[in-house]
Amino acid sequence: MSYQVIARKWRPQTFEEVTGQEIITQTLRNALEHDRLHHAYLFSGARGVGKTTTARILAKALNCHKTKDKPNLTPCLLTDPDPCPSCVEISESRSIDVLEIDAASHTGIDDVRETIIENINFNPTRDRYRVFIVDEVHQLSKPAFNALLKTLEEPPENVVFVMATTELHKVPDTILSRCQEFEFRTIPLQKIFDRLKLIANAEKINIDDDALRELARSGTGSMRDAQSNFDQVISFSGEHITAPDVTNALGFAGVEVLSKVISAITEKDPKQVLAVVDDLIGRGHDLRNFCRDVLGLFRDLLVFKVAGDESKLFETAVFNADQMRQMSGAFTEADLLRFFNSLCETEASLREAAHPRYVLEVGLIKLIEMRGVTGIESILERLNALTSGTPLLSVPRPSATGDISSAATAVPPPAQEKKTLKIDPPVAEVSSIEATVIEAPPVELTPKADPKPIADPTPQIETSPAFEQESQFADEPPDYISDLDEPVFEPPVAPEPVKERFTAPPTRLARLSADELDHFEDKKLDDAYEAKLGIVGDDLLPFKSADKLIEALFGETIVDPVIEPRQRPVTNGSSSAAAVAPTLEAIKLRDEMVPKVEDVELPALTADPTEEELLAYANAHPSVRAAMRVFRAKIIEVDRI
């Protein structure tokens, strides 16, 4: 099979041909030139950015035969008329002294022992250095890494390790500390475009620049992916390759499809969105790839709206700056953020959806419905206007571009609420007087004929003639009032609306049972409680008798009456503890608490009493009677102990 794919045919052969990794290649060239070669290198980065290619170029530079005693900074090319055997064998991956190990298929400790540890002590067969290139080194097992530690730390002088990985976080720290680490970056879109254009010109392929840009964008920073897609598009298309050929061959959304989606969201046209999804299904496009393309477009629009003229931040965008300016004009930053978050959920749902078409259609229609969502800033401003009594027309609202309109400045200030009369009396000390004018019937300003003095029935007051003459004109206005200008009356203005404040209804706490209550001791509260009891005079002890309880309730001391020939009434003197005549309520309460008990003579028992005698003795015993009275009990059986 004579045909060789573009990714292999156009693999870089020198440090200068490596695209997008100038810092790394310059560092390696300086290390070779100044004889500061490290014994172990670790290359990390995304796929297709030149890790393995750079490792092979480093091996060729170390073992090139064109220089005898030192490495060659510009190793041989396969297109040279007389390349050295070492460079040819390394480029074709069949060199004896340069071993390429795939760690994905040689993960165990036995593989490391047989391939590296047992062969590391042998001198190179023909070349100057023995180079071990370990690809996907993160897939080695933990025992394999441990077996490699000592060899990696102190290898022989003519041995160099070059390890490559796409998942740096899986490499143990003990390996990282023994290597020089180089992180390969993703390749910019413009550099991929330039490399593809060089290949197209060399291979004499007729392709438009727009198609090349679509191919560069499809690589997402990987040169190998872009070159593989280039091979696929060449096989799909005819003599001339255009941008639609690239989108149809690779199955991702082109500029036209993305423009239709943005137009449908802007114009709130769900029918057009459904038509786009139906067209994608008919052409067999991957819906997840289409969803990722729309996500990338929203990201580009948001970055363009935020960054503005920073073209480096959106150099991978599908559209140019003018087109993105036109598309992003209908959305705010908040709209684009909501679109992006919602479409991320849709893309995650497409991964395991039984009907991906339904999920995508509903997700795109949801974006259209989000156009009717009002921003939280506008809602808060309207709420503030309602609570402050400001008319809603004067509240500034954000426009489509996020600016605040100045409609509030056109609203006239509220008029004054009351009519005022400014009076300038001819008094030096008072400059102006502001009086409130109250509408009332006109007052006759002519003096009364016979003013009558105000009569007070008690006492009678005689007034002097001077006082009567002065009070005759008491109801008349002063003379200087007639010299003033006419008062200016302002039209009545409706009072401001009363601000209604929302008050939350009272909240009733849930009832707690005794089991749910927690008792805790607080010495400060306990001392305060005891001090309060000491002030009140309560010792919290039970009442000793019913008389004490009645005294606490009614403030009366009950004294049993003593029969005397002449009973004198008891008077209450200065002492509050003096006995007073009991009231009916106190006597009734005392009778209920302490019922009257008749004295019963306790019978004497014989030496061998009968059951009846024991029962009569128990009924007459004072202690038993007290117990029966307290517990309201009766004796059922009596036994002698």
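As the structure is a computational prediction, the values presented were derived from the model and not from experiment.
- Checked for salt-bridge contact, K70 and D35 miss the test: no charged N lies under 4.0 Å from a carboxylate O.
- No donor-acceptor pair under 3.5 Å is formed between the side chain of N201 and the backbone N or O of L198.
- Side-chain N/O atoms of E345 and N341 include no donor and acceptor closer than 3.5 Å.
- For the pair C84 and H65, the tightest heavy-atom approach, listed with the atom from each and the gap, is SG-N, 3.7 Å.
- Residues S91 and K60 meet the side-chain proximity criterion, which asks for heavy atoms closer than 4.5 Å.
- Atom CZ of R36 sits about 14.0 Å away from atom CG of L28, to the nearest 0.5 Å.
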For T332 and D335, run side chain to side chain donor-acceptor pair (under 3.5 Å): C-alpha distance rounded to whole Å, both residues' side-chain angles, the deciding distance at 0.1 Å, then the answer. CA-CA 5 Å; T332 62; D335 292 336; 3.1 Å; yes
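- Note on residues 49-59: pairs passing side-chain hydrogen bond (donor to acceptor under 3.5 Å, both in side chains), not counting sequence neighbours, are R11-T53, R56-S93, R56-E100.
- Residues L73 and F15 approach most closely at O-CD1, 3.7 Å, considering heavy atoms.
- Scanning all heavy atoms of the two residues, the minimum distance from I57 to P12 falls at CD1-O, 3.8 Å.
- Looking only at distances, no side-chain donor or acceptor of D208 sits under 3.5 Å from a matching main-chain atom of D210.
- Every residue two or more places apart in sequence or in another chain that forms a salt bridge (Lys or Arg N to Asp or Glu O under 4.0 Å) with E153 is listed here: R178.
- Remark: the backbone N or O of T125 is paired with a side-chain donor or acceptor of D97 at under 3.5 angstrom.
- Q21 places a side-chain N or O within 3.5 Å of a backbone atom of R185 that can act as its donor or acceptor partner.
- Remark: the S86 side chain and the N63 side chain contain no N/O donor-acceptor pair separated by less than 3.5 Å.
- Remark: R217 engages E214 in a salt bridge, criterion side-chain N to carboxylate O under 4.0 Å.
- Applying the salt bridge (Lys or Arg N to Asp or Glu O under 4.0 Å) definition to pairs two or more places apart or across chains, those involving residues 258-277 are E256-K260.
- Residues meeting the ring pair (Phe, Tyr, Trp, His ring centres under 6.0 Å) test with F184, sequence neighbours left out: F43.
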For I192 and L189, run side chain to side chain contact (heavy atoms under 4.5 Å, CB included): C-alpha distance rounded to whole Å, both residues' side-chain angles, the deciding distance at 0.1 Å, then the answer. CA-CA 5 Å; I192 298 178; L189 184 141; 5.7 Å; no
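- With sequence neighbours excluded, the residues that form a ring pair (Phe, Tyr, Trp, His ring centres under 6.0 Å) with Y358 are H355.
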List the steps and the verdict of salt bridge (Lys or Arg N to Asp or Glu O under 4.0 Å) for E167 and K170. CA-CA 6 Å; E167 300 182 19; K170 293 185 178 180; 2.6 Å; yes
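- In this structure, CD1 in I265 is found 6.0 Å from CD1 in I368, a value given to the nearest 0.5 Å.
- Evaluation of the salt bridge (Lys or Arg N to Asp or Glu O under 4.0 Å) rule for D102 yields no partner, not counting sequence neighbours.
- Of all heavy-atom pairs between G48 and I187, the closest is O-CD1, 4.2 Å.
- Take D322 and apply the side chain to side chain donor-acceptor pair (under 3.5 Å) test, not counting sequence neighbours, and it matches R325.
- Salt-bridge annotation for E118 and R113: absent, with no side-chain N of the basic residue lying under 4.0 Å from a carboxylate O of the acidic one.
- Atoms CZ and CG, on R130 and N123 in that order, are 9.0 Å from each other to the nearest 0.5 Å.
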Could you walk me through whether I133 and V98 pass the side chain to side chain contact (heavy atoms under 4.5 Å, CB included) test, one step at a time? CA-CA 7 Å; I133 301 175; V98 179; 4.0 Å; yes
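- Put simply, the side chain of T115 never gets that close to the backbone of V112: no donor and acceptor are under 3.5 Å apart.
- Between R338 and E333 no salt bridge is recorded (no basic side-chain N to carboxylate O distance below 4.0 Å).
- Taking the side chain as every heavy atom from C-beta outward, M223 and V49 never approach each other to under 4.5 Å.
- If you take CG on L32 and OG1 on T27, they are separated by 11.0 Å, rounding to the nearest 0.5 Å.
- F339 pairs by the ring pair (Phe, Tyr, Trp, His ring centres under 6.0 Å) definition with F298, F331, not counting sequence neighbours.
- By the 4.5 Å heavy-atom criterion applied to side chains, R128 and L62 are not counted as neighbours.
- Legend: residues meeting side chain to side chain donor-acceptor pair (under 3.5 Å) with T242, ordered by chain and number and at least two apart, are D245.
- Here R357 pairs with D278 in a salt bridge; the nearest charged N to carboxylate O distance falls below 4.0 Å.
- Using a 4.5 Å heavy-atom cutoff, the side chains of L152 and L149 are not in contact.
- Within the structure, the ring pair (Phe, Tyr, Trp, His ring centres under 6.0 Å) test picks out the following pairs touching residues 104-161 (sequence neighbours left out): F132-F161.
- Side chain of D80 to backbone of C76: no donor-acceptor contact under 3.5 angstrom is found.
- Of all heavy-atom pairs between T186 and A46, the closest is CG2-CB, 4.3 Å.
- Within a 6.0 Å sphere centred on CD1 of I281, heavy atoms belonging to other residues, nucleotides or ligands number more than 12.
- For the pair R213 and F193, the cation sits on the ring face: its NZ or CZ lies under 6.0 Å from the ring centre, inside 45° of the axis.
- Listed here is the closest heavy atom pair of I117 and A147: CD1-O, 3.6 Å.
- With a 4.5 Å cut-off on side-chain heavy atoms, L42 and L168 count as touching.
- Listed by chain and number, the residues in a side chain to side chain donor-acceptor pair (under 3.5 Å) with S342 amount to none (sequence neighbours excluded).
- Within the 4.5 Å cutoff, side-chain heavy atoms of P156 are placed close to those of I120.
- A side-chain donor from one of D194 and Q190 sits under 3.5 Å from a side-chain acceptor of the other.
- Two residues are said to be in side-chain contact when any heavy atoms from C-beta on lie closer than 4.5 Å; C291 and L343 meet this criterion.
- Remark: E347 CD to D293 CG distance equals 11.0 Å, nearest 0.5 Å.
- The pair E16-R29 meets the salt-bridge criterion, since a charged nitrogen lies less than 4.0 angstrom from a carboxylate oxygen.
- Applying the ring pair (Phe, Tyr, Trp, His ring centres under 6.0 Å) test to every pair with at least one member in residues 197-243, sequence neighbours left out, gives no pairs at all.
- Between K191 and E22 there is a salt bridge, since a side-chain N of the basic residue sits under 4.0 Å from a carboxylate O of the acidic one.
- Between atom CG of residue N229 and atom OG of residue S218 there is a gap of 4.0 Å, rounded to the nearest 0.5 Å.
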Working note: E203 + W10, criterion side chain to side chain donor-acceptor pair (under 3.5 Å); need CA distance, chi angles, decisive distance, verdict. CA-CA 11 Å; E203 296 289 337; W10 290 89; 3.1 Å; yes
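- Between E89 and R126 the shortest side-chain heavy-atom distance falls below 4.5 Å.
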